[in-house]
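Just so it is clear: chains get the letters A, B, ... in the order the sequence lines come, proteins before strands, and each one is counted from 1. Heavy atoms only: backbone and side chains are in, while hydrogens, waters and symmetry mates are out.
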Number of protein chains: 2
Amino acid sequence: MPETEVRAEVGSLQEVLAALSDPVRLEMVRRMHAAGAPAACAVLYDDVSKSTASHHFKILREAGVTQRSVIGGQTHQELRLEDVEAVYPGVLSSILAAPR
Amino acid sequence: MPETEVRAEVGSLQEVLAALSDPVRLEMVRRMHAAGAPAACAVLYDDVSKSTASHHFKILREAGVTQRSVIGGQTHQELRLEDVEAVYPGVLSSILAAPR
DNA sequence: GACCAAGTTCGATGATCATCAAACCGATGT
DNA sequence: ACATCGGTTTGATGATCATCGAACTTGGTC
């Protein structure tokens with residue numbers, strides 16, 4: 001059964017923007033959005049090590065942009081688009097809609 | 001007579017987000033937006049030195065978020081809201097609309 | 001139980017960046 | 001001409017941060 005973690009608050013606008021200002025993290029967020037469902041960590045990045053990826057996941061989670069859920073023992077990352085939109089309407093959705 | 005500088009391209013989304021992810025710069029942008037017109041540099045910040053402020057202005061300009069214009073010999077900074085919106089619709093406006 | 005795959009944490013390294021003071025520059029006013 | 005005010009540039013310093021490898025953990029598999 002999918003086991004989602006305790007709901008955290010969305011961070012400050014500053015935190016959210018800082019989280020999205022790194023190219024590796026923005027790409028991760030784009031892939032999560034494209035997936036539209038909890039995605040296994042490994043499919044969310046290329047070109048960086050596991051430890052670096054884990055570090056970026058943590059920053060995204062702490063900003064409240066994503067959350068972790070465990071599905072069948074595997075860790076997945078999921079975009080919290082609705083939650084972020086509720087606090088900062090339009091911010092994340094417009095970033096996701098922006099041209100590459 | 002107001003003398004605006006050559007129009008620069010708006011930078012990458014990454015550059016724009018990075019420019020806005022610094023608290024000092026976001027505050028500058030908010031004040032420019034509140035002013036709604038070219039604003040003298042000095043009214044756009046507190047708590048940092050002139051040189052630091054000048055550094056932040058440069059980063060905002062290079063990201064294409066602001067431009068410089070000279071009015072009666074005085075340097076002014078002006079938000080390029082329409083230009084940024086044209087390239088990344090909703091991004092800057094939603095950030096400006098976000099709660100403090 | 002031994003093994004393996006997937007993630008996380010730790011510690012260290014290098015790069016980037018925010019910050020300041022001081023020197024510099026351009027325009028205005030005396 | 002000189003002083004002054006507003007802003008920029010330079011150079012340096014300290015902090016933050018992205019990155020990695022290695023060690024550790026947890027869950028599934030044989």
Checking contacts here: which listed nucleotide (dG7(D), dT8(C), dG21(D)) is nearest the side-chain heavy atoms of Ser54(A)? dT8(C)
In whole angstrom, give the distance that lies between atom NZ of Lys58(B) and atom C1' of dC20(C). 16 Å
Report the distance from atom CZ of Phe57(A) to atom P of dA18(D), rounded to the nearest whole Å. 14 Å
Tell me: CG of Asp47(B) to P of dA18(C), nearest whole Å? 17 Å
Nucleotide nearest Gln77(A) when distance is taken to its side chain, options dT8(D), dT9(D), dT8(C): dT8(C)
Quick one: are Glu27(B) and Met32(B) in side-chain contact, heavy atoms under 4.5 Å? no
What is the distance from CD of Glu62(B) to P of dC17(C), rounded to the nearest Å? 11 Å
Mind checking His56(B) for me? I need base, sugar-phosphate or nothing, with any heavy atom below 4.0 Å counting as a touch. sugar-phosphate
For atom CD1 of Ile71(A) and atom P of dG28(D), their distance in whole Å: 13 Å
Using the rule that Ile, Leu, Val, Met, Phe, Trp and Tyr join whenever any side-chain heavy atoms are under 4.5 Å apart, tell me whether Leu96(B) and Tyr88(B) fall into a single cluster. yes
Touch class at under 4.0 angstrom, heavy-atom based, for Ala53(B) against every strand present: nothing
Run the numbers on Leu92(A) and Leu79(A) for side chain to side chain contact (heavy atoms under 4.5 Å, CB included), then give the verdict. CA-CA 10 Å; Leu92(A) 185 48; Leu79(A) 194 59; 4.3 Å; yes
Quick check on side-chain contact (heavy atoms from CB on, under 4.5 Å): which of Leu60(A), Asp83(A), Leu81(A) does Thr66(A) satisfy it with? Leu60(A)
Is a salt bridge present between Arg61(A) and Glu78(A), judged by a nitrogen-to-oxygen distance below 4.0 Å? no
Just how far is it from atom CD1 of Ile59(A) to atom CG of Leu20(A), taken to the nearest 0.5 Å? 11.5 Å
Under a 3.5 Å cutoff, is there a donor and acceptor pairing between the side chains of Ser51(A) and Ser54(A)? no
Are the charged groups of Arg80(B) and Glu85(B) less than 4.0 angstrom apart, N to O? no
If the cut-off is 4.0 Å, is Arg68(A) near the phosphate of dT8(C), judged by side-chain N/O to OP1 or OP2? yes
Got a sec? Which of residues 13-30 of chain B come in under 4.0 Å of DNA chain C, heavy atoms? Asp22(B), Val24(B), Arg25(B)
Please report, rounded to the nearest Å, how far the P atom of dG7(C) is from the CZ atom of Arg61(A). 12 Å
What is the distance from NE2 of His55(A) to P of dA18(D), rounded to the nearest Å? 4 Å
Quick check for you: to the nearest 0.5 Å, what is the distance between Gln77(B) atom CD and His56(B) atom NE2? 12.5 Å
Scoring nucleotides 22-30 of chain C by protein non-hydrogen atoms under 4.0 Å (B base, S sugar-phosphate only, - none) yields B----S---
What is the distance, to the nearest angstrom, from the CD1 atom on Ile59(A) to the C1' atom on dT8(C)? 14 Å
Checking all strands, does Thr52(A) fall into the base, sugar-phosphate, or nothing category for heavy-atom contacts under 4.0 angstrom? base
